[in-house]
Structures are given as C-alpha cells and as structure tokens.
Undergrad: 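Let me give you the structure first, and then I'll get to my questions.
All heavy atoms count here, side chains included; hydrogens, waters and symmetry mates do not.
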Amino acid sequence: MRIMEASQFDGKRSVESGTREQQEAVRAILADVRKRKDEALREYTERFDRVRLETFRVSEAEFAEANEQVSPQVKAALQEAAENIRDYHSRQVRQSWFVTKESGTMLGQLIRPLQRAGLYVPGGTAAYPSSVLMNAIPAKIAGVPEVVITTPPGADGKVNPAILVAAQIAGVTEVYKVGGAQAIAALTYGTEQIKAVDKIVGPGNIFVALAKREVFGLVSIDMVAGPSEIAVLADDTANARYVAADLLSQAEHDPMSAAILVTPSRKLAEQVALEVARQLAELPRQSIAAAAIRDYGAILLVEDLDEGFAVINRIAPEHLEIMIAEPFSQLGKVQNAGAIFLGPYSSEPVGDYFAGTNHVIPTNGTARFSSPLSVDDFIKKSSVVSYSKSDLMKNGPKIVTLAEQEGLAGHGRAITERLRDFDREEQE
C-alpha cells in the first residue's frame, strides 16, 4: 500500500457514469417498459435472467419455502439487527407542528409519509439481506403504507431466500421478481402487475444506477451511489491489524472502492502497509480488494491530527473511522463524513450490519452536502398558512410592494382586492 505525504494526494475518483451504449440501452428499456408494460418485463427477464415468468409477484408459498431454507442463526441475527435499526431510526421521526400568533395567524408544517416506496435489491451473488432491512425499515417507520421490493430472479425463477426472510422481518410482503433497468421502469411508470411508486431506493449495477438517474423527477430517488470508501484517521495508539482489516473490509466490495489511512505516525503507516499485504493474501475476494488497494488505496502522512482532520474533511468519506487516543474530544472537528466510527471496537462492519445506523451512505465526496438514508427520505412536508384578517390589513401593502417590485401585478391584485373590502367595511 503506497505511503505518501497528504499534500501529494488529490483524492479524486472518476466514478463510472456509463458508456454511451449503456445509457442508450437503459433509455430504450425504460421506453419499452413504459409502452408495453408486463410483456416487456417478461422479455427482458427471459433475456437477462434466463427465465420466463407469467406472474412476477412472490407468492405466500415462496415466502414459506424461503423460511424453511434460511438457517435459524441467520434469521435470529437478521431479527436482532432489525430491532436495532428500528430503535435507531424511530428517534428520527418528525411531528407536524403549528404555532398561533397573538394576531390570530397560524403557521405550521404538516408531515406526511410517501404513499408507496420501491426498494431495488440486487440478486445473485450480490444479494444483501442487510440492505433490505436498511432500506425498508426507515420507510415503515416513516409510515409509508406500501413498501415494495423488486429483485431479479435466479434461473430457477426464485428469489434468494434470505432476501425474502429479511423482507418479512422488515414488514414487506409485496416482492416482485424483476431486476435491472426494467425494474426501475416498472416502479416508475407502473405495469399491469406492478403499481408505480413515489420513491425508489436501493443499490444496483451500472444499468440500475443509470435508470434511476434517468427517471429522477418522475419519481424521487435516494442517490446515485458510487463505489464504497473508507477513511481511517489514526495516531500511534491505533492497532495496525485492526486498521488494515477495516481498510480491506471496504476494498473487497469493488475494484473501485477507496481505502485510505490518514496518520501523523510513520511507524503506524509502515505497520499498516505490511498488515494490508499480509491480510490481503488470505482474503477470499483477494483480486477485487487488491485492485482497489492498488488503484484507490493510500496511506497519507500528516504533520498532526489537525491537518489530519482537514484532509478528512476534504475527502468527505462515506465511512470514517477515528482511531486516536481521545476520539470523542476531537469529534467536533469532523465536518464532512457519511458515517463516523469512534474507537478501536467500532469497526465499520458494525454499522453495516448490526448497530442500527443506516449503511446507505453518500459516497465519492457527496457527504459534503448529503446524509445517510433515514426516515426523512420517506416523508414530505407541507407548509400550512392560516393568515388572520388583522395581519393582512397590516402587512398587505408590504406584500403588494414586493409583488410590484417583481412585476407580478396579479400577485398584488390578489391582495388589493381584499384590502379594498377592508376599506369599505371600515367606511360603512
């Protein structure tokens, strides 16, 4: 793993936005599903997933079969993780509020859940039941009445059983065997069997990401996520084995995953470089992690922790681990990070699976302006105004002045019509 001065590190990654051919293919699929609906879904499912389906919705019998196939240990772990996720996200719930002024004017904000949310879940070897929990539970806590899943079927026409078990634990019973850009099209436009949704969340391959980008505006989306990343800020009190293991925990995701150590300790830097090499040799996903470490891994040397925090804030990492002597006392120096893990026992996978925080987190520097998936992603806010007569009499002329300044005579007239009535009432 390369060691360099932090000043030499540019920190930028070129995230794949798709080739022209991929973009055109996605647009063609979206248009086709919008026009031909279920029949187009059948054809794309047969072409890409090698199975012909007449009915896409997962049946009760398939849910029951999945429950028999998943081990009690996995089900228990998913159940406990779900409880932790519910506990954490229940604290994010917002309430509608109203305030009445002495003049009689009432202002407020009405909080309402989205009516229908769609969760895309990858299939095959990339099937992650933990993502089902992370995406579905905040939606259910927000009060979304209809949460649905689309996921590609296997060649046997079935869904990964762990996905179905996680869906049941999260309270989702509406699951459809559709994947790829065609699933995003179905969730956006609706088909005979799949109703359109208000928001689409969840990870996917480049075709899913491009499709989500294309339909944004017709529906809401969570984000167009890039490859995963981790940054570790550590001093000489950190355990080099822990640091190396945590860097590799993200490097194994994708050849474009970024794994960065920022430290003022050259001794730790050298120890971590050796540990990464040693542990990498034993990693089952060695080829993926090795490519990520080679192309997007780095150990950055800084003068002190203040410079280290400045580097971290510039990178704005998806995951940030702080392994220093007193992490809590330094937490306030973090400005940009998706999820922050403090101390030697807060390994990033704790958040990925079990602690209760969400693992859908902004990537590639977007933590500068965005946040992890939360209950807020599944609600909408409406402003409420009940203006009193006395306030309109008092402030109406000011409103007319602003309308005239902007050249919007109709706006001003809407107020002056009322003000004239007030004047007539006073004269009578």
Side-chain angles (χ1 to χ4, degrees), residues 33 37-83 85-86 116-140 144-197 199-205 207-208 211 353:
V33 174
K37 303 184 182 300
D38 280 351
E39 189 53 38
L41 292 183
R42 290 188 185 94
E43 291 179 12
Y44 289 121
T45 301
E46 188 170 15
R47 183 193 307 180
F48 298 127
D49 301 309
R50 302 179 303 281
V51 61
R52 176 80 179 181
L53 298 175
E54 294 304 319
T55 301
F56 299 110
R57 186 164 180 172
V58 172
S59 67
E60 290 297 325
E62 289 173 298
F63 274 110
E65 182 183 13
N67 263 300
E68 294 296 322
Q69 294 173 330
V70 176
S71 73
Q73 293 85 355
V74 170
K75 283 191 280 191
L78 286 171
Q79 186 66 59
E80 192 169 350
E83 291 168 4
I85 296 166
R86 287 192 188 97
R116 186 170 170 86
L119 165 56
Y120 186 87
V121 179
T125 59
Y128 300 127
S130 61
S131 285
V132 174
L133 303 181
M134 293 291 180
N135 284 273
I137 289 174
K140 299 295 288 187
V144 179
E146 298 176 13
V147 181
V148 307
I149 287 174
T150 59
T151 187
D156 59 357
K158 296 181 179 180
V159 171
N160 183 297
I163 295 297
L164 296 183
V165 168
Q168 285 189 309
I169 290 172
V172 178
T173 57
E174 198 174 334
V175 180
Y176 296 93
K177 294 179 276 189
V178 182
Q182 59 271 26
I184 304 303
L187 292 173
T188 302
Y189 308 121
T191 72
E192 291 88 351
Q193 293 187 41
I194 303 175
K195 285 171 53 181
V197 302
K199 183 160 190 166
I200 300 172
V201 300
N205 62 19
F207 294 98
V208 171
Y353 292 110

Undergrad: What is the distance from atom CD1 of Ile200 to atom OG1 of Thr150, rounded to the nearest 0.5 Å?
TA: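 Reported value, rounded in 0.5 Å steps: 7.5 Å.
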
Undergrad: When you compare the side chain of Val132 with that of Val172, does any pair of heavy atoms fall below 4.5 Å?
TA: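 A side-chain contact is absent here, since even the closest heavy-atom pair is not under 4.5 Å.
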
Undergrad: Which heavy atom of Leu78 sits nearest a heavy atom of Pro129, and at what distance?
TA: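 That would be CD2-CB, 4.2 Å.
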
Undergrad: Please indicate whether Tyr189 has more than 12 foreign heavy atoms, meaning atoms of other residues, nucleotides or ligands, lying under 6.0 Å from its OH.
TA: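 More than 12 within 6.0 Å, yes.
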
Undergrad: Which distance, rounded to the nearest 0.5 Å, do you find between the CD of Glu80 and the CD1 of Ile85?
TA: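 Glu80 atom CD to Ile85 atom CD1 measures 11.0 Å (nearest 0.5 Å).
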
Undergrad: Using modelled atom types and a 3.5 Å cut-off, is there a donor and acceptor pairing between side-chain atoms of Thr151 and backbone atoms of Val121?
TA: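 Yes, because the side chain of Thr151 sits within donor-acceptor range (under 3.5 Å) of the backbone of Val121.
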
Undergrad: When rounded to the nearest 0.5 angstrom, what distance separates CD in Glu62 from CZ in Arg57?
TA: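 Nearest 0.5 Å value for the CD-CZ distance: 11.5 Å.
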
Undergrad: Once rounded to the nearest 0.5 Å, what's the spacing between atom CD1 of Ile163 and atom OG of Ser131?
TA: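 Spacing of CD1 (Ile163) from OG (Ser131) equals 8.0 Å.
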
Undergrad: Are the side chain of Thr191 and the backbone N or O of Gln193 linked by a donor-acceptor pair below 3.5 Å?
TA: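 The answer is yes, because a donor-acceptor pair under 3.5 Å joins these two groups.
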
Undergrad: Take Lys195 and Glu174 through the side chain to side chain contact (heavy atoms under 4.5 Å, CB included) test and state the conclusion after the steps.
TA: CA-CA 11 Å; Lys195 285 171 53 181; Glu174 198 174 334; 5.5 Å; no

Undergrad: Hey, does the side chain of Tyr120 reach the backbone of Gly180 with a donor-acceptor pair shorter than 3.5 angstrom?
TA: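 A pair under 3.5 Å: yes.
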
Undergrad: Please examine the side chains of Leu187 and Tyr176, heavy atoms only from C-beta on, and report whether any two atoms are closer than 4.5 Å.
TA: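 Of all side-chain heavy-atom pairs linking Leu187 with Tyr176, none is under 4.5 Å.
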
Undergrad: For atom CD of Glu68, decide whether the heavy atoms of other residues, nucleotides or ligands shown that lie under 6.0 angstrom number more than 12.
TA: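 No, not enclosed.
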
Undergrad: Considering residues, nucleotides and ligands other than Lys158, do more than 12 of their heavy atoms fall under 6.0 Å from its NZ?
TA: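 For Lys158, atom NZ is not crowded (no more than 12 foreign heavy atoms under 6.0 Å).
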
Undergrad: Spell out, as yes or no, whether a donor-acceptor pair under 3.5 Å connects the side chain of Arg86 to the backbone of Ile137.
TA: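 Looks like no, no N/O pair under 3.5 Å.
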
Undergrad: For Val175 and Phe63, run side chain to side chain contact (heavy atoms under 4.5 Å, CB included): C-alpha distance rounded to whole Å, both residues' side-chain angles, the deciding distance at 0.1 Å, then the answer.
TA: CA-CA 10 Å; Val175 180; Phe63 274 110; 3.7 Å; yes

Undergrad: Which atom names give the shortest non-hydrogen contact between Leu133 and Ala81, and what distance separates them?
TA: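 Residues Leu133 and Ala81, closest heavy atoms: CD1-CB, 4.2 Å.
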
Undergrad: Please tell me if the side chains of Asp38 and Phe56 come closer than 4.5 Å, counting only heavy atoms from C-beta onward.
TA: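 They are in contact (side-chain heavy atoms under 4.5 Å apart), so the answer is yes.
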
Undergrad: Determine, for Glu39 against Arg52, whether the closest basic-nitrogen to carboxylate-oxygen distance falls under 4.0 angstrom.
TA: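 A salt bridge is present here (some side-chain N lies under 4.0 Å from a carboxylate O).
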
Undergrad: Once rounded to the nearest 0.5 Å, what's the spacing between atom OG1 of Thr45 and atom CD of Gln182?
TA: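 Atom-to-atom, Thr45:OG1 and Gln182:CD are 5.5 Å apart.
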
Undergrad: How far apart are the closest heavy atoms of Pro153 and Leu53, and which atoms are they?
TA: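 Shortest heavy-atom contact: CG-CD1, 4.0 Å.
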
Undergrad: Asn135 and Gly202: which non-hydrogen atoms are nearest, and at how many Å?
TA: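 Looks like OD1-N, 3.6 Å.
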
Undergrad: Decide yes or no for Leu41 and Ile194: does some side-chain heavy atom of the first lie under 4.5 Å from some side-chain heavy atom of the second?
TA: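 A side-chain contact exists here, since the closest heavy-atom pair is under 4.5 Å.
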
Undergrad: Whether the side chain of Glu43 engages the backbone of Ala40 through a donor-acceptor N/O pair (distance < 3.5 Å, no angle test) should be reported.
TA: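 No; judged by distance alone, with no hydrogens or angles, the pair does not exist.
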
Undergrad: Would you say Lys177's side chain and Gly157's backbone share a donor-acceptor pair under 3.5 angstrom?
TA: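 Checked: pair present.
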
Undergrad: Quick one: does any side-chain atom of Asn160 pair with a main-chain N or O of Ala162 as donor and acceptor, under 3.5 Å?
TA: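 Yes, the answer is positive, given that a donor and an acceptor are paired below the 3.5 Å cut-off.
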
Undergrad: Could you check whether any side-chain heavy atom of Lys75 comes within less than 4.5 Å of a side-chain heavy atom of Asn67, counting everything from C-beta outward?
TA: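 Lys75 vs Asn67: side chains touch.
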
Undergrad: How long is the straight-line distance from CG of Asp156 back to CG of Asp49, given to the nearest 0.5 Å?
TA: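 The CG atom of Asp156 is 11.0 Å from CG of Asp49, to the nearest 0.5 Å.
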
Undergrad: Please report the shortest heavy-atom distance between Pro152 and Pro122, naming the atom on each side.
TA: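 Minimum heavy-atom separation between Pro152 and Pro122: CD-C, 4.1 Å.
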
